[in-house]
Amino acid sequence: MACSSSLPTLDLDKLYSAILDNAGEAMRREDKNGAETDLVTLRDVFGILVVLWENVRLANIPESFPIIECLLVLEKGKLDLILRKMHSILDIIPGKSIRVYHRSFFEFLQHSDQNKRHYIAYSIALQRFLVLLGRVGLRYMLRRCCGLLHDDEKKQAKYIRNMVLAFPRTFFRRSVNPTKLATFHALVHTFITVLLWMFSFWLSLDFWDYLIVSLVPPLYVSFVRYLLIMVLFLPIAFGCFFVSLKCYMSYIDQVDRSSLYPLFHPFLHPIFVTAIEILLSR
């Protein structure tokens, strides 16, 4: 992983800074109106690459180009255009993959002491990645419900779904007993969610009972009670995911990520994996 090696040398810092600064100036000269938007998109591309690299099971996925294209909701050819000045840093196979030539570029991006202007904290990059992923999932589901999906969108969604589902599989497969570890992991998160769900419902039980009895005909009271219990479970489940994510983010930039206990990792959280699988299902 990038964070475990030595920091980039001063010469490499200057080289990478010069390449990025010159590329930015060239893009502004060529397109004064759209350059700033393209530079923001370029920074998002670097952030996505940082997340893929730092999660070693995603670092060598063969479809990184269409995945990035889909996450940023870019038209065909737009990503090639944005990356046209980056061929000295990135190994780009249009339509297939994007990789860096040397890991020192990721080290350069992630160390603020050496690099103020182009610094990308892993925690910020991961948050942005999850936002983009959620946006793509909701957009895909809405377009699917409206019958507006194209074949290219379905293919890109398949790449992202496979990426998300492959992460826990490859992670747990390293264990001596993958099934037991995966089951234990799921049970811990399920226990936390159910515990908070029961506690929250118990605290407001009198209020809900009063409301149901007051507003609902006696024949439907039991049905509404069970329905309410299930409806309350969803926000609490997602709330547990966000609490878990907050715990993960709180120390992610301060320690060696290779040594972190993976319980709170978002790509291993059953709520996150299930949500992406449902949103991006065919």
Side-chain angles (χ1 to χ4, degrees), residues 27 34 37-87 89-101 105-106 109 120 122 124-171 238 241 245 265-282:
M27 291 169 72
T37 301
D38 288 350
L39 287 171
V40 171
T41 303
L42 181 61
R43 186 173 178 83
D44 277 339
V45 171
F46 290 152
I48 293 170
L49 290 174
V50 164
V51 172
L52 296 181
W53 175 264
E54 286 293 346
N55 293 279
V56 67
R57 293 157 200 85
L58 305 178
N60 296 314
I61 54 173
E63 306 89 4
S64 54
F65 191 102
I67 285 174
I68 292 174
E69 207 171 35
C70 182
L71 287 173
L72 298 177
V73 195
L74 298 174
E75 297 176 356
K76 284 292 181 184
K78 182 63 175 177
L79 187 54
D80 288 310
L81 186 64
I82 292 172
L83 298 177
R84 67 190 182 277
K85 304 294 183 183
M86 295 292 113
H87 287 277
I89 296 174
L90 303 177
D91 178 16
I92 304 168
I93 302 177
K96 292 186 178 180
S97 65
I98 305 173
R99 294 188 176 93
V100 296
Y101 284 115
F105 181 60
F106 288 126
L109 289 176
I120 299 177
Y122 172 70
I124 302 300
L126 181 58
Q127 288 179 54
R128 178 63 175 161
F129 184 89
L130 294 174
V131 168
L132 293 173
L133 199 55
R135 184 182 69 175
V136 165
L138 291 172
R139 181 176 181 273
Y140 182 87
M141 183 182 68
L142 289 173
R143 288 179 64 80
R144 183 185 62 203
C145 293
C146 297
L148 300 174
L149 285 177
H150 302 301
D151 289 340
D152 286 344
E153 290 177 293
K154 293 178 182 177
K155 189 180 294 185
Q156 289 176 334
K158 179 182 176 182
Y159 290 145
I160 292 180
R161 185 174 63 249
N162 289 345
M163 174 190 71
V164 172
L165 296 180
F167 187 90
R169 282 199 300 266
T170 54
F171 176 85
F238 280 102
F241 169 69
L245 182 62
H265 196 298
F267 294 159
L268 294 174
H269 199 292
I271 296 296
F272 172 78
V273 175
T274 303
I276 293 299
E277 188 173 10
I278 292 171
L279 290 174
L280 296 179
S281 61
R282 295 179 181 178

Whether R143 side chain and Y140 backbone form a donor-acceptor pair below 3.5 Å: no
Within the side chain of H269, is there an N or O that forms a donor-acceptor pair under 3.5 Å with the backbone of I271? yes
Quick check: does any side chain N or O of T170 sit under 3.5 Å from a backbone N or O of F167, one acting as donor and the other as acceptor? yes
Go through it in stages, so that I can follow the logic: the residues are M163 and L52, the test is side-chain contact (heavy atoms from CB on, under 4.5 Å), and I'd like the CA-CA distance, side-chain angles, deciding distance and then a yes or no. CA-CA 10 Å; M163 174 190 71; L52 296 181; 4.0 Å; yes
How far does CD1 of I82 sit from CZ of R43, to the nearest 0.5 angstrom? 15.0 Å
Show your reasoning for whether side-chain contact (heavy atoms from CB on, under 4.5 Å) applies to F272 and V164. CA-CA 9 Å; F272 172 78; V164 172; 3.9 Å; yes
With a 4.0 Å cut-off on N to O distance, would you call K78 and E69 a salt bridge? no
Nearest atoms (heavy-atom pairs only) where S64 meets S97: OG-CA, 3.3 Å
Charged N to carboxylate O under 4.0 angstrom, K155 versus E63? no
Using ring centroids (six-membered ring only for Trp), state whether Y159 and F65 fall under 6.0 Å. no
Surrounding CZ of F238 (heavy atoms of other residues, nucleotides or ligands, distance under 6.0 Å), is the total greater than 12? no
Non-hydrogen atoms of V45 and L83 that approach each other most closely: CG1-CD2, 4.1 Å
Nearest 0.5 Å, what's the CG-CG distance between D38 and L81? 6.5 Å
Donor-acceptor pair, distance only, cut-off 3.5 Å: does the side chain of R144 make one with the backbone of S281? yes
Rounded at 0.5 Å granularity, tell me how far OH in Y122 sits from CH2 in W53. 13.5 Å
R99 side chain to L49 main-chain N or O, any donor-acceptor pair under 3.5 Å? no
